[in-house]
Amino acid sequence: MRIEVNVLEPVIEPRMWVKYQPVLAMALRPGSAEWGLRRSEMTRFTFGAGEMSLVPRHFEKWFRTDDLHYLSVGISDAALTEVADGTSGEVELRRADNLFDARLRALVEAVNAERIAGFPSGRLFLDSVEQALAAALVDGHAVQRRSVKKYRGGLAPARLRRVSELVHAKIEGELTLPEMAESAELSTAHFSQMFRKSTGQSPHQFVLHQRVERAKQMLRAAEARVLDVAVACGFKTQQHFARVFRRVCGASPTEYRREFLSHGMT
């Protein structure tokens, strides 16, 4: 998934604009632009903040902007093909100049919030969002109707054990969805569905909870600094660690340690 912020200044003369992969564009503030298949036949579109458009792959158009700031989220062909219910072939998407899809908007807004925060959640979060975006696009915006693949059952115990071992081995560093799927010898789409059925959690949620469990063990030692615990458990910033820890445990890391130590003393 490719994420870019584009700031387009006013342009008088139209120019040719080409996208080589499917793109979801979300306006970051009110703005407008003109585009069309012919330079002589262009239509003006006005966007409020948060409004979106969908541009299919290899789409060429003439383009002129009157000051438009937007977030561009490119979805890989591999992600679209993998979630589609079919043997092979590219997934062609329908063009939508004004896209109204609450599910897609929520996912793109999550990507934007992650961008603004400095991408603290890492690759695994973005891999998971791209997969969810691909599933929503295939399900609702494909030129030829294609359903999303559905898999039955969960992971075999041996596969689940290998995934868990990988998570614990790399808990301090970066994990990706393809890595986790490879450890189970499955495609990412197949793996994600079966993993959720086995654990009740998405791969990203599972990794976060494993990191928090390790953090709880480390916080029980009075001498461990909270920042050191955050880094040792794979969190990029102390702020992100504290936010996730409170969401999972209902208390900050410092509050959790204080409560644990006070009970230990009594």
Among all residues two or more places apart in sequence or in another chain, which pass the side-chain contact (heavy atoms from CB on, under 4.5 Å) test with [X]?
| X | result |
| --- | --- |
| Q217 | R220 |
| I171 | Q210, R211, R214 |
| A158 | R161, R162 |

[X]-[Y] co-clustered via ILVMFWY side chain contacts under 4.5 Å:
| X | Y | value |
| --- | --- | --- |
| L124 | V244 | no |
| V207 | V248 | no |
| L28 | L133 | yes |
| L160 | L208 | no |
| V5 | M52 | yes |

For residues [X] and [Y], determine if any side-chain heavy atom of one lies less than 4.5 Å from a side-chain heavy atom of the other.
| X | Y | value |
| --- | --- | --- |
| D101 | L137 | no |
| L219 | T254 | no |
| L80 | L93 | yes |
| D77 | P22 | yes |
| R159 | L186 | yes |
| E60 | M16 | yes |
| F59 | V23 | no |
| L107 | R105 | no |

Keeping the roles fixed (side chain from [X], backbone from [Y]), state whether a donor-acceptor pair exists under 3.5 Å.
| X | Y | result |
| --- | --- | --- |
| S252 | R246 | no |
| R257 | A224 | yes |
| H209 | Q205 | yes |
| R39 | K61 | no |
| S183 | M180 | yes |
| R29 | A49 | no |
| E114 | V111 | no |
| R64 | R44 | no |

How far apart are the closest heavy atoms of [X] and [Y], and which atoms are they?
| X | Y | value |
| --- | --- | --- |
| W62 | R38 | CD1-C, 3.5 Å |
| S164 | F206 | OG-CZ, 4.4 Å |
| A27 | G48 | CB-O, 3.5 Å |
| R103 | A132 | NH2-O, 4.0 Å |
| L24 | L104 | CD1-CD2, 4.1 Å |
| H141 | L99 | CE1-CD1, 3.4 Å |

For R123, give me all partners under salt bridge (Lys or Arg N to Asp or Glu O under 4.0 Å), at least two apart in sequence or on another chain.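 Result, salt bridge (Lys or Arg N to Asp or Glu O under 4.0 Å) vs R123: D127.
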For E182, which residues count as a salt bridge (Lys or Arg N to Asp or Glu O under 4.0 Å) partner, sequence neighbours excluded?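 With neighbours one apart ignored, the set is empty.
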Going by an N to O cut-off under 4.0 Å, is there a salt bridge joining K216 and E213?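 Looking at E213 together with K216, the answer is yes, because their closest N to O distance falls below 4.0 Å.
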Identify whether the distance between the nearest side-chain nitrogen and carboxylate oxygen of K170 and E174 falls below 4.0 Å.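 No, this pair does not count.
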List the atom pairs, with distances to 0.1 Å, where a side-chain N or O of residues 228-240 and a protein N or O form a donor-acceptor pair under 3.5 Å, not counting sequence neighbours.
residue, atom, partner, partner atom, Å
D228, OD1, R225, NH2, 3.0
D228, OD2, R225, NE, 3.0
T237, OG1, H240, N, 3.0

To the nearest 0.5 Å, what is the distance between [atom1] on [X] and [atom2] on [Y]?
| X | Y | atom1 | atom2 | answer |
| --- | --- | --- | --- | --- |
| M194 | S192 | CE | OG | 11.5 Å |
| L54 | M26 | CG | CE | 14.5 Å |
| L68 | N6 | CG | CG | 8.5 Å |
| D97 | T43 | CG | OG1 | 8.0 Å |
| H190 | F195 | NE2 | CZ | 14.0 Å |
| I116 | E109 | CD1 | CD | 10.0 Å |

Under the rule for ring-ring contact (aromatic ring centres under 6.0 Å, His included), what residues qualify as partners of [X], not counting sequence neighbours?
| X | result |
| --- | --- |
| Y70 | none |
| F45 | W35 |
| H204 | F125 |

Are side-chain N/O atoms of E130 and S76 paired as donor and acceptor at under 3.5 Å?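 E130 vs S76: donor-acceptor pair found between side chains.
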Under a 3.5 Å cutoff, is there a donor and acceptor pairing between the side chains of S128 and Q131?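 No, no side-chain donor-acceptor pair sits under 3.5 Å.
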Taking only residues two or more places apart in sequence, or in another chain, which ones meet Q21 in a side chain to side chain donor-acceptor pair (under 3.5 Å)? none
K197: what forms a side chain to side chain donor-acceptor pair (under 3.5 Å) with it, not counting sequence neighbours?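 Partners of K197 by the side chain to side chain donor-acceptor pair (under 3.5 Å) criterion come out as none, since no residue qualifies.
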Strictly by ring-ring contact (aromatic ring centres under 6.0 Å, His included), give each pair with a member in residues 92-117 just once, sequence neighbours left out. none
Between F245 and F241, how do the two ring planes meet: parallel, tilted or perpendicular, split at 30° and 60°?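 Ring orientation, 0 to 90° scale: perpendicular.
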